[in-house]
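Notes for the one structure printed next.
Sequence positions, counted from 1, serve as the residue numbers for this chain. Values in this document were obtained by computation on a predicted structure and should not be read as measured data. Note that ligands are numbered from 1 as they come in the structure, with each ligand's atoms numbered from 1 the same way.
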Amino acid sequence: MFTDKKILILGMARSGYEAAKALSKHTKNIIVTDQSEQEEAHVKELKALGVEIVITKDPVYLLDESFDYVVKNPGITFLHPLIEKAKSLKIKVINEVEVAYHLLDKGVKIIGITGSNGKTTTTSLIYEVLKRLDKNVYVGGNIGYPVCSFIDKAKSGDILVLEIAGHQLHDIYDFKTDISVITNLYQVHLDFFKTYDYYKYNKLKIFNHHTEDNVAIINIGNKDVVSGTKDIKSKKYTFSSLKKADCYLKEDAIYYKKERIIETKDLRIKGEHNYENIMCAILVAKQFDMDNAIIKDAICDFPGVEHRIEFVRKVSEREFYNDSKSTNVESTIVALKSFDNSIVLILGGLDRGHPFEGLTPYMDNVRYIICYGQTKDRIYEYALSIHKDSIRVESLKDAVKLAYEFSNPKDTILLSPACASWDQYKDFEIRGKEYKKAVEELKEVAHD
Ligand code: ADP
């Protein structure tokens, strides 16, 4: 499909780099363009493969009717002027996932995971369980390793577990999975997709080209998932923590049909949302006829994904959790619902002007709020309005110190900021690491 074709790759980073490397084996007619300077080693390597690299803020001039494909980085808006031009010239716009699909060995089994929330956790869980099969299993996609990086590695019979974000489903056409998982659908990412309908339409492409030989794992507790998958041809397996499904929750245990698979008390990850992520992993494992004892073992061993309600440490009978990934009120609600003991909550970060009132029904266990970052004053006002004790601090380090001071033995101290990190940090990962560092330092103080 790509032999001797002329291809423009818009956006380099890791996925453009991997796509260029893979495509360079099929054509010498590739230009990669990006608005900012790229890693020198990657640039050198691509140039040596005959790829042209153009760094420019206005790449539109690079495209003319002589091109066969544009490969767009998933993060770039589909309204980009170069994409508009490609459309007017009737040049096909695809992405790195679509490129990889065409170049991967057709015998590789693909498992695709999408959804509004829980993609990374579910993808990691599925990977951890399937790793216990006697097969080569790889994990990639939105989780950090571009799909193109598996083209040379994955062989027929191997399994590729892929986290596929909505952005990555936008420019796929032939991409097809063997097993697709959709965790849930909520109104998010509308800044990118503009309307919820368009977002849902793209998300549901995870089931593209499915026949009755393929498997769809769907959340029947989510009405948009149910209505969106009504007409798909796949063999459906359902899960829900709210109602009876193929995988469900009953008497503090997770069941697959009549089989009691795991008791929730044996899990290291918290919250009903995680039970649903686990159900996805069980349903995938069942497709490979895995033994219940092995499935249980892998899931009970799973420590969770860094920065998602991650247990950090116990200090003087207080348990510290890092939920730095929580960048909005909805995910802080999910975190609050995961604990039933008393909580000291660290809230705050970038001020996007969003209200915090949505937290109120879930604040019963919160006895103290540490208001931190750019939103500290608004959170302080909010805390007053719901009659919660609170204090304002500037830095995360001070927030940790004070949370510790105001806590009691047996409390949970939770960073679940409900705000993006960009007021003080480059990303939520760095914020989470800073938090953990501050918690580590506390421990030393406590043991002096
Ligand atoms: P994603 O990759 O889709 O962003 P993550 O696994 O990174 O999802 O989890 C991000 C946050 O989403 C978690 O901290 C948690 O608050 C919430 N979450 C995780 N799984 C679910 C789920 N199944 N349903 C609802 N919320 C979830």
Note to self: Parallel, tilted or perpendicular: which one describes the rings of F78 and Y198, with boundaries at 30° and 60°?
What the structure shows: perpendicular
Check: Is K325 paired with E310 through a side-chain N to carboxylate O contact shorter than 4.0 Å?
Finding: no
Check: Got an N/O contact under 3.5 Å between T121 and ligand 1?
Finding: yes
Next item on the list: Of all the heavy-atom pairs spanning A154 and D105, show the shortest one and how long it is.
Entry: O-CB, 4.1 Å
Item checked: Flag, side chain of K388 to backbone of V366, donor-acceptor distance under 3.5 Å -> yes
Next item on the list: Look at K135 together with D158 and state whether they make a salt bridge at an N to O cut-off of under 4.0 Å.
Entry: no
Notebook entry, point to check: How far is atom 18 (N) of ligand 1 from its nearest protein heavy atom, and which residue and atom is that?
Noted result: H273 CD2, 3.6 Å
Note to self: Under a 4.0 angstrom heavy-atom cut-off, which atoms of ligand 1 come close to D323?
What the structure shows: 14 (O)
Margin query: With a 3.5 Å distance limit and no angle check, can you tell me whether N73 reaches the backbone of L10 through a side-chain donor-acceptor pair?
Written below: no
Checklist line | Under 3.5 Å side-chain donor-acceptor pair for D411 and N408 | finding: no
Item checked: Carboxylate-amine/guanidinium proximity below 4.0 Å for E259 and K286 -> yes
Next item on the list: Please say whether T122 places an N or O atom under 3.5 Å from an N or O atom belonging to ligand 1.
Entry: no
Check: Measuring from the heavy atoms of I309, does anything fall under 4.0 Å of ligand 1?
Finding: no
Notebook entry, point to check: Quick one: are D252 and E263 in side-chain contact, heavy atoms under 4.5 Å?
Noted result: no
Next item on the list: Could you find the nearest protein heavy atom to atom 8 (O) of ligand 1 and give me its residue, atom name and distance?
Entry: G118 N, 2.8 Å
Next item on the list: Heavy-atom contacts with R308 under 4.0 Å: which atoms of ligand 1 show up? List them by number with element.
Entry: 5 (P), 7 (O), 9 (O), 14 (O)
Next item on the list: Check T120 against ligand 1 and report side chain, backbone, both or neither, counting heavy atoms closer than 4.0 Å.
Entry: both
Next item on the list: Look at the aromatic rings of F320 and Y435 and report parallel, tilted or perpendicular, splitting at 30° and 60°.
Entry: tilted
Next item on the list: Under 4.0 Å from a heavy atom of V334: give me the atoms of ligand 1 that qualify, with their elements.
Entry: 15 (C), 16 (O), 26 (N)
Next item on the list: Number the atoms of ligand 1 from 1 as they appear, then name those within less than 4.0 Å of a heavy atom of N184, with their elements.
Entry: 22 (C), 23 (N), 24 (N), 25 (C)
Notebook entry, point to check: Quick one: does ligand 1 sit under 4.0 Å from the side chain of K119, the backbone, both or neither, non-hydrogen atoms only?
Noted result: both
Checklist line | Taking atom 4 (O) of ligand 1 as the reference point, the nearest protein heavy atom with its distance | finding: K325 NZ, 2.7 Å
Next item on the list: List every atom of ligand 1 that sits less than 4.0 Å from any heavy atom of N277, numbering the atoms from 1 in the order shown and giving each element.
Entry: 19 (C), 20 (N), 21 (C), 22 (C), 23 (N)
Notebook entry, point to check: How far is atom 12 (O) of ligand 1 from its nearest protein heavy atom, and which residue and atom is that?
Noted result: N117 OD1, 3.6 Å
Next item on the list: Check if G271 has a non-hydrogen atom at a distance under 4.0 Å from any atom of ligand 1.
Entry: no
Check: Would you say E276 has any N or O atom under 3.5 Å from an N or O of ligand 1, going by distance alone?
Finding: no
Margin query: Between ligand 1 and N274, is the shortest N or O to N or O distance under 3.5 Å?
Written below: no
Notebook entry, point to check: Relative to the heavy atoms of E163, which atoms of ligand 1 are at a distance of less than 4.0 Å?
Noted result: 2 (O)
Notebook entry, point to check: Any side-chain heavy-atom pair from I299 and I269 closer than 4.5 angstrom?
Noted result: no
Check: Does A335 approach ligand 1 within less than 4.0 angstrom via side chain, backbone, both or neither, non-hydrogen atoms only?
Finding: neither
Checklist line | Numbered atoms of ligand 1 (with element) below 4.0 Å of S331, judged on heavy atoms | finding: 16 (O)
Next item on the list: Name the orientation class of the two ring planes belonging to H167 and F192 (parallel below 30°, tilted from 30 to 60°, perpendicular beyond 60°).
Entry: tilted
